[in-house]
Trainee: 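Got a structure for you, written out below as structure tokens; questions coming shortly.
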Number of protein chains: 2
Amino acid sequence: MILDSETKAVELPDDHGTELRLWLRLLTCTTLIEGEVRSRLREKFDVTLPRFDLMAQLDKVSDGMTLSDLSKRMMVSNGNVTGLVERLVESGHLDRRTSETDRRVQFIRLTKAGRAEFRKMAAEHEKWIADVFGDLSPKDIRELMRLLAKTKGSAQRSAKARSA
Amino acid sequence: MILDSETKAVELPDDHGTELRLWLRLLTCTTLIEGEVRSRLREKFDVTLPRFDLMAQLDKVSDGMTLSDLSKRMMVSNGNVTGLVERLVESGHLDRRTSETDRRVQFIRLTKAGRAEFRKMAAEHEKWIADVFGDLSPKDIRELMRLLAKTKGSAQRSAKARSA
DNA sequence: ACCGATTACTTTGAGCTTCAAGCAATTCGT
DNA sequence: ACGAATTGCTTGAAGCTCAAAGTAATCGGT
């Protein structure tokens, strides 16, 4: 308990320590898991996480996606995607094709080989993730999902307020 | 409900979809917040997030820290820290001093100016984070803290099991 | 006291990432 | 139908990141 000069109980002004600790814990969890996934992908499939993530986005659709779509979904910059796609086309995992109706637009797809390769990796990946969260009960998972959804909403609100 | 060839109800084998969705949500939250903090740091203080993180580690102690300590605490590679420290010494934020008793070891400290600069940034940073989590009730925060602690433990167990 | 193992740090090479600036194609207002 | 804004993507510069290999100093067992 803290008392001010007039001997009244006061709160510490702007004590946001709990939020900060929460953020650090969230960051630690993500870094930990991300690092683990990164090593395993490298070790077993000799692929980087960004490449895997990009292929994961493309695997969700059958008919391709533009670079901008990829950029938005992966939450990385446009220039970043340009380079990643370039390397993945080079290695034969992806296929690019210019739009007929808008010559600025490129549709990116997984090649047959690329999709097969990705599916193999994704199956393993899913098991790793299940193991990573293995100590959590179904109830824990549901609750965590709910709280993270709320967190996401809150963060978006905060980001939006700034940029507005 | 899925029926197999003998018309018996079966579970999808190894359905770890919920864990995967949880992981993606966790990752989204972190990426979102990290990106937000990154822009604000750049915008208001013209500093990068890794530099800020490194200074944050050093601010916790008064008497300095070795490169290895920094590397462990920040969960990044040794070589990475070498470069970061180099640039921060260059810019006058840090101070390096070789150990008397072990000439391999370097003690890194914030300079007076570096600490002052960091404190200013940290105060703002704390407010941003409070705002980011602003929609969560105190109870939400407690619960999220608890579940993330459990997640961290689980992830560490999983990582350890592999490397063993 | 020596030699092998370990520890602290640096270097290197490849890849990832961002921001900002730039180019080309399209869309929109008038 | 013209020019201005917008959109989709690429480029360039700086910085971050890692894994692996390298160097130097210390520690430990004999």
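Numbers restart at 1 for each chain; the letters A, B, ... are given by sequence-line order, proteins then strands. All heavy atoms count here, side chains included; hydrogens, waters and symmetry mates do not.
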Trainee: Would a distance-only check, ignoring hydrogens and angles, find a side-chain to backbone donor-acceptor pair under 3.5 Å from A:Thr31 to A:Leu27?
Mentor: yes

Trainee: Can you tell if the side chain of B:Gln106 reaches within under 4.5 Å of the side chain of B:Val85, non-hydrogen atoms only?
Mentor: no

Trainee: For a quick check of understanding: with a heavy-atom distance under 4.0 Å over all strands, which category does B:Thr101 fall into, base, sugar-phosphate or nothing?
Mentor: sugar-phosphate

Trainee: Between the side chain of A:Arg157 and the main-chain N/O of B:Asp131, is any donor-acceptor distance below 3.5 Å?
Mentor: yes

Trainee: Going 5' to 3' through nucleotides 7-17 of chain C, assign each nucleotide B (protein heavy atom under 4.0 Å from a base atom), S (under 4.0 Å only from sugar-phosphate atoms) or - (no protein heavy atom that close).
Mentor: BSBBB---SSS

Trainee: Hydrogens and angles aside, do A:Asp69 and A:Thr66 bring a side-chain donor and acceptor to less than 3.5 Å of each other?
Mentor: yes

Trainee: Please state how far atom CD in B:Glu36 lies from atom P in C:dT18, giving the value in whole angstrom units.
Mentor: 14 Å

Trainee: Does A:Arg103 have a side-chain nitrogen or oxygen under 4.0 Å from the phosphate oxygens OP1 or OP2 of C:dT26?
Mentor: yes

Trainee: Should A:Met75 and A:Lys72 count as side-chain neighbours, where that means a heavy-atom distance under 4.5 Å?
Mentor: no

Trainee: Centre-to-centre under 6.0 Å for B:Phe118 and B:Phe52, is that the case here?
Mentor: yes

Trainee: In whole angstrom, what separates B:Leu41's CG from C:dT18's P?
Mentor: 15 Å

Trainee: If every non-hydrogen atom of A:Gly114 is compared with every non-hydrogen atom of A:Met55, which pair is closest and at what distance?
Mentor: O-SD, 4.3 Å

Trainee: What is the distance from CG of B:Leu54 to P of D:dT17, rounded to the nearest Å?
Mentor: 10 Å

Trainee: Measure from CZ on B:Phe52 to P on D:dC16 and round the result to the nearest Å.
Mentor: 15 Å

Trainee: Would you kindly give the CD-to-P distance between B:Glu90 and D:dA14, to the nearest whole Å?
Mentor: 14 Å

Trainee: Can you measure A:Ile108 atom CD1 to D:dC9 atom C1' for me and round it to whole angstrom units?
Mentor: 10 Å

Trainee: What integer distance in Å separates B:Leu49:CG from C:dC19:C1'?
Mentor: 15 Å

Trainee: What's the CE-C1' distance between B:Met75 and D:dC16, to the nearest Å?
Mentor: 16 Å

Trainee: Classify the nucleic acid contact of A:Ser99 as base, sugar-phosphate or nothing, counting any heavy atom under 4.0 Å across all strands shown.
Mentor: nothing

